[in-house]
Protein chains: 2
Amino acid sequence: MKPHRELSIFRKYLEKRGLKLTSERQALFDELFARHEHFEADELLVRLRTKHKKISRATIYRTLDLLVDSGIVGRVRIGESGYRYERLRAGEHHDHLICNECGRVIEFFEPAIESLQDQVCEKYGFLALSHSHQLRGICRQCRPRVSSREAGRAAAAAAVPGGKLRILPTA
Amino acid sequence: MKPHRELSIFRKYLEKRGLKLTSERQALFDELFARHEHFEADELLVRLRTKHKKISRATIYRTLDLLVDSGIVGRVRIGESGYRYERLRAGEHHDHLICNECGRVIEFFEPAIESLQDQVCEKYGFLALSHSHQLRGICRQCRPRVSSREAGRAAAAAAVPGGKLRILPTA
DNA sequence: ATGCGATTGCGACTCAGTCTCAACTGGCGT
DNA sequence: ACGCCAGTTGAGACTGAGTCGCAATCGCAT
Ligand SMILES: [Zn+2]
Ligand SMILES: [Zn+2]
Ligand SMILES: [Zn+2]
Ligand SMILES: [Zn+2]
């Protein structure tokens, strides 16, 4: 178990405000960095319950708040309800492609989009502090399956005038 | 009260699937088109309760579902919890700038971003069906107030190396 | 008028997340 | 090593947003 750059950040974060690195917080941190990229709070809870101890839901949320606040973990509105969390690689940023079929989450980063965002903000005199940008649809793996399922009637629907696929806002 | 293009769309939508344009649905539709651009379900409920009748919460949600499904209304994840709804001008699309201070919602549309999105999708073989893109921060009107409040200590924090404002994902 | 599926209001329910509080640490000060 | 006490924890009550089940009603074609 290497010294984890992130762990020292967390430690520092706690120290700076007189908080303690308890065994629960450690356990959560470890579990978090041992696997998944994107997960939800209750998922983490279950995993910690089996392996580690009788940690409570409140503690999960409380600790996650600390991690988010310290910048080590990100909280994202993926999925239809609730949040998902993900560890953040220091200084990196990305947005998400989310498959409606399999739930797969693909991360992307498009510098040109990021800078256009800045331009939009400038135009409106808006000071951006954060943003979320996600596209929902069907991922490469699921496309064959879905399109065969839609077989017949899809052909008619596809012949929409205007050609270009229309993208509507939703989530 | 003009014939509303949208009303006829809704009417058609209902007809097509053997549903009825009840007085509740009418009332909701009217209220919706009489005002606000962005609103939440319970807001609508209250307004309908005072003016119109003893409409139930379930009906609000059910009707809103129909409107969303018919494409007349959009459901967006603005704000920290729950959804917001907004009437959609036929064929138009926009994304959002949301002020953390006053809650104001500014709509924007940047074609270049939209097309870059398409490119990202192509790159990953992803078929986008919808997307949501929102920036949170401080709007023009709130900036003076906020920056004066932050006065002193902000000066130090602003002297971050790297210059460019870092935008982190959140909502 | 009658019939029957669609619709409604109500209230119970779910789900994710928050709060309260008494019991329990962690770790500095001695 | 010992004690203290702010910080922390688990359990469970609670909240808010939205959903569900159902009996009573409604709308409309016959
Ligand atoms: Zn981004
Ligand atoms: Zn991610
Ligand atoms: Zn867009
Ligand atoms: Zn809008």
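The figures that follow rest on heavy atoms only: side chains count, while hydrogens, waters and symmetry mates do not.
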(message) Near DNA chain C, counting only heavy atoms under 4.0 Å, which residues of residues 16-29 of chain A show up?
(response) K20(A)
(message) Tell me the closest heavy-atom pair linking F126(A) and I106(B), and the distance in Å.
(response) CD1-CD1, 4.2 Å
(request) Find the distance L45(A):CG to dA11(D):P and express it as a whole number of Å. (result) 10 Å
(request) Round to a whole Å and report the spacing from CD of E15(B) to P of dG27(D). (result) 17 Å
(request) Look at the side-chain heavy atoms of Ile, Leu, Val, Met, Phe, Trp and Tyr, link any pair under 4.5 Å apart, and say whether L21(A) and L19(A) land in one connected group. (result) yes
(message) Can you tell whether the side chains of R75(B) and D69(B) come within less than 4.0 Å, N to carboxylate O?
(response) no
(request) Would you state whether a donor and an acceptor, one from the side chain of R57(A) and one from the base of dG10(D), lie under 3.5 Å apart? (result) no
(request) Report yes if at least one side-chain N or O of Y61(B) is closer than 4.0 Å to OP1 or OP2 of dT19(D); otherwise report no. (result) no
(request) Extract, from 5' to 3' on DNA chain C, the first and final nucleotides lying under 4.0 angstrom from some heavy atom of chain A. (result) dA16(C) to dG26(C)
(request) Whole angstrom is fine here: how far is it from CG in D65(B) over to P in dT19(D)? (result) 6 Å
(request) Is it possible for you to check whether R57(B) lies under 6.0 Å from the centre of the six-membered ring of Y61(B), through NZ or CZ, and within 45° of that ring's axis? (result) no
(request) Using atom CG of L14(B) as one end and atom P of dC26(D) as the other, report the distance to the nearest whole Å. (result) 19 Å
(message) How many whole angstroms separate atom OH of Y85(B) from atom P of dA17(D)?
(response) 12 Å
(request) Please list, chain by chain and in numerical order, all residues satisfying ring pair (Phe, Tyr, Trp, His ring centres under 6.0 Å) with Y124(A), sequence neighbours excluded. (result) none
(message) Between E6(A) and R87(A) (salt bridge meaning N to carboxylate O under 4.0 Å), is one present in this structure?
(response) no
(message) Using whole Å, what does the distance between atom C1' of nucleotide dG18(D) and atom CG of D42(B) come to?
(response) 9 Å
(message) Tell me whether the rings of F109(B) and H93(B) are parallel (<30°), tilted (30 to 60°) or perpendicular (>60°).
(response) perpendicular
(message) Can you confirm if the NZ or CZ of R25(B) lies within 45° of the ring axis of F29(B) and under 6.0 Å from the centre of its six-membered ring?
(response) no
(request) Spell out yes or no: do the side chain of R62(A) and the base of dG7(D) have one donor N/O and one acceptor N/O closer than 3.5 Å? (result) no
(message) Distance check needed: dA11(D) C1' versus K54(A) NZ, whole Å only.
(response) 9 Å
(request) Please name the pair of heavy atoms, one in V105(B) and one in H96(B), separated by the smallest distance, quoted to 0.1 Å. (result) CG1-CD2, 3.5 Å
